2 protein chains.
Amino acid sequence: MNRLPIEQRRDQLVAAALAVATRDGLERTTMRAIAAEAGVALGVLHYCFTDKAEIMRAVARHIHTQGLNVALAAVGTGDPGELVEHVVAAYAGVVIGAREQYLLQHELTVAALRDPELTGLAAEQLATKLANARTFLEAVGPRAGLVWAVPVEDVARRVVQSIDGAVLAWLVDHDDRGLRAALATVGRSVRALGQVHERRSAELSPLP
Amino acid sequence: MNRLPIEQRRDQLVAAALAVATRDGLERTTMRAIAAEAGVALGVLHYCFTDKAEIMRAVARHIHTQGLNVALAAVGTGDPGELVEHVVAAYAGVVIGAREQYLLQHELTVAALRDPELTGLAAEQLATKLANARTFLEAVGPRAGLVWAVPVEDVARRVVQSIDGAVLAWLVDHDDRGLRAALATVGRSVRALGQVHERRSAELSPLP
DNA sequence: GTCTATAGTTGGATAGAC
DNA sequence: GTCTATCCAACTATAGAC
């Protein structure tokens, strides 16, 4: 109905596609379903995007724009000594509250690994996750008085893999307590990789 | 052409479906593609199976019939002290050599989580993995002189989640060395969960 | 048991009126 | 920019000849 600048129209359509994909799954996210969700005619989609793959690429990129903020928001709170565990626990709550979002993430990953038109998307996803984890670790480290015993990239890698494995199992078994327990274990092992830095461990000894 | 007993025909068709799904991905595994792969007419599939979902269920179950044997076969070899690490390393080799098989596993999991007709399949997959891990741990424990400090179910859970996370990352980044390193880390942390049993640790002290 | 032929859907994509 | 109408391909499933 309303005439919109193409940029806004694109955003609206990506949001609609994300809504359908989250709710109904990737397979049922058809051009028709997206158009219906957005309340526009089918032709509009092909006017704003060259083809379906372009929409799905936009959706995948939109998903990972979030994610990091959640973890960083929790960094500022709680006792530094248990900061890592605290943040990990908060993250578990976020995941549990947005199950279908995380299911969609896995659907997109798998789809990207098979579909030539989505090549590179899975690698982008992983790179974003690793960058997020790294940013988080570098933010939380000083705050908790930790310095990483191994390169921060390696810690980030382990964190991402551990979380993905735990979330995948949880998507299957719906065991919320199990997910919290698994992520708590991740938190502890991350914590174990950090050595307490002198300036913090020595009770802030006064300067001369 | 040849007239076969329906049981053999079913096996043949499942094998063909597995071949197509492994090679081309789940989305392109259509009834037509399966029929072509098996060299039979389209109607034959609907004679042997009620619908497509029944074939995919059979394929999913067929996949997990393997897997355990691989790990168990490696248990009998190597130095007991480094047995866990050795087996994990061997497993890495198996995974690397069958990338598309493991990709298909993830495709089936994700598909089962969305498709009502495949409900329960993902849970079955996970249960089988956990049972395999448990069987393996109970086989390797005594052999390496270990007794698990925590319930073996919990160890199995951690092993399965860690492996899944590592394999998923590897499916994306194709980093063979990274996968071997990640699985080696899994091996070490599993090893750390086992306490050395007295009879083995005490250099086989002679009985009176 | 096996085949051909076809029904009946649903999908992506486009042409052309407005 | 937006909509309707339509094309064409691919799919599952079935009916019925052989």
Side-chain angles (χ1 to χ4, degrees), chain A residues 1-21 23-60 107-108 111-112 114-119 121, chain B residues 1-21 23-60 107-108 111-112 114-119 121:
Chain A
M1 291 290 187
N2 286 333
R3 308 186 77 134
L4 262 68
I6 194 166
E7 194 64 22
Q8 288 182 33
R9 186 59 93 190
R10 260 197 271 259
D11 291 347
Q12 176 201 0
L13 294 177
V14 168
L18 178 60
V20 174
R23 174 169 21 90
D24 301 333
L26 209 50
E27 188 182 308
R28 309 183 61 171
T29 306
T30 65
M31 297 294 265
R32 286 172 160 81
I34 297 170
E37 178 79 19
V40 301
L42 184 55
V44 178
L45 271 71
H46 281 101
Y47 174 75
C48 295
F49 298 93
T50 67
D51 61 359
K52 187 185 176 185
E54 191 179 319
I55 300 186
M56 298 323 296
R57 280 192 294 267
V59 167
E107 289 185 273
L108 283 167
R114 288 285 196 188
D115 187 348
E117 298 228 68
L118 300 181
T119 299
L121 254 189
Chain B
M1 294 290 187
N2 285 334
R3 308 190 116 196
L4 264 67
I6 195 168
E7 194 63 22
Q8 288 183 33
R9 186 62 91 187
R10 261 197 270 256
D11 290 348
Q12 176 202 1
L13 295 177
V14 168
L18 178 60
V20 175
R23 174 168 22 90
D24 301 332
L26 209 51
E27 188 182 308
R28 308 184 62 173
T29 306
T30 65
M31 297 293 264
R32 284 171 158 79
I34 298 170
E37 177 79 19
V40 302
L42 184 55
V44 178
L45 271 71
H46 283 100
Y47 174 76
C48 295
F49 298 92
T50 67
D51 60 0
K52 189 187 176 185
E54 191 180 319
I55 299 186
M56 297 324 295
R57 281 193 293 269
V59 168
E107 289 185 274
L108 282 167
R114 287 285 194 188
D115 187 347
E117 299 229 67
L118 300 181
T119 300
L121 252 189

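Lettering follows sequence order; numbering is per chain, from 1. Predicted, not measured: the structure shown is a model, and the values here were computed from it.
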**OP:** Measure from the side chain of A:K52, starting at C-beta and using heavy atoms only, and say which of C:dG12, C:dT2, D:dT2 lies closest.
**Re:** C:dG12

**OP:** Taking all non-hydrogen atoms of both residues into account, name the closest pair between A:V59 and A:A17 and its distance.
**Re:** CG2-CB, 3.6 Å

**OP:** Take the protein atom CG of A:L45 and the nucleotide atom P of D:dG1, then report the distance between them rounded to whole Å.
**Re:** 15 Å

Subject >> Rounded interatomic separation in angstrom, taking CD from B:Q8 and C1' from C:dT2 >> reply: 16 Å

**OP:** Using whole Å, report how far OH of A:Y47 lies from P of D:dG1.
**Re:** 4 Å

Subject >> pair A:R9-A:V40: side-chain heavy atoms closer than 4.5 Å >> reply: yes

Subject >> Nucleotide nearest B:V44 (side chain, heavy atoms from C-beta), chosen from C:dG1, D:dG1, C:dC3 >> reply: C:dC3

Subject >> Shortest non-hydrogen contact from B:D51 toward B:E117 >> reply: OD2-OE1, 3.7 Å

**OP:** Select one nucleotide: of D:dA13, D:dT2, C:dT2, the one nearest the side-chain heavy atoms of B:L4.
**Re:** C:dT2

Original post:
Dot-bracket for DNA chain D, 5' to 3', counting Watson-Crick or G-U wobble pairs under 3.5 Å, with [ ] for crossing pairs and | for inter-strand pairs?
Top reply: ||||||||||||||||||

Subject >> Nearest-angstrom distance from the residue atom CZ of B:F49 to C1' of C:dG1 >> reply: 15 Å

Original post:
For the pair made of CD in B:E117 and C1' in D:dA13, what is the distance, rounded to whole Å?
Top reply: 13 Å

**OP:** Please indicate whether B:R28 has more than 12 foreign heavy atoms, meaning atoms of other residues, nucleotides or ligands, lying under 6.0 Å from its CZ.
**Re:** no

Donor-acceptor list for residues 41-48 of chain A side chains, cut-off 3.5 Å, not counting sequence neighbours:
none

**OP:** Let me know the distance between CD1 of A:I6 and P of D:dG1, rounded to the nearest Å.
**Re:** 6 Å

**OP:** Look at the side-chain N and O atoms of B:H46 and state whether any lies under 4.0 Å from the OP1 or OP2 oxygen of D:dA13.
**Re:** yes

Original post:
Taking the side chain from B:E37 and the backbone from B:A16, do they hold a donor-acceptor pair closer than 3.5 Å?
Top reply: no

**OP:** Let me know the distance between CZ of B:R3 and P of C:dT2, rounded to the nearest Å.
**Re:** 7 Å

Original post:
Got A:I34 and A:F49 here, is their nearest side-chain heavy-atom distance under 4.5 Å?
Top reply: no

Original post:
So, does A:E54 use its side chain to make a donor-acceptor pair with the main chain of A:T50 at under 3.5 Å?
Top reply: yes

**OP:** Whole angstrom is fine here: how far is it from CG in B:L26 over to C1' in D:dC11?
**Re:** 15 Å

Original post:
Base, backbone or nothing for each nucleotide of nucleotides 4-10 of chain D, written B, S, -, heavy atoms under 4.0 angstrom, 5' to 3'?
Top reply: B------

Original post:
Counting only heavy atoms not in B:Q12, do more than 12 fall under 6.0 Å of its CD?
Top reply: yes

Original post:
Choosing from D:dT2, C:dG1, C:dC3, which nucleotide comes nearest the side chain of B:V40?
Top reply: C:dC3

**OP:** Ignoring backbone atoms, test whether A:R28 places a side-chain nitrogen or oxygen under 4.0 Å from the OP1 or OP2 oxygen of C:dT10.
**Re:** no

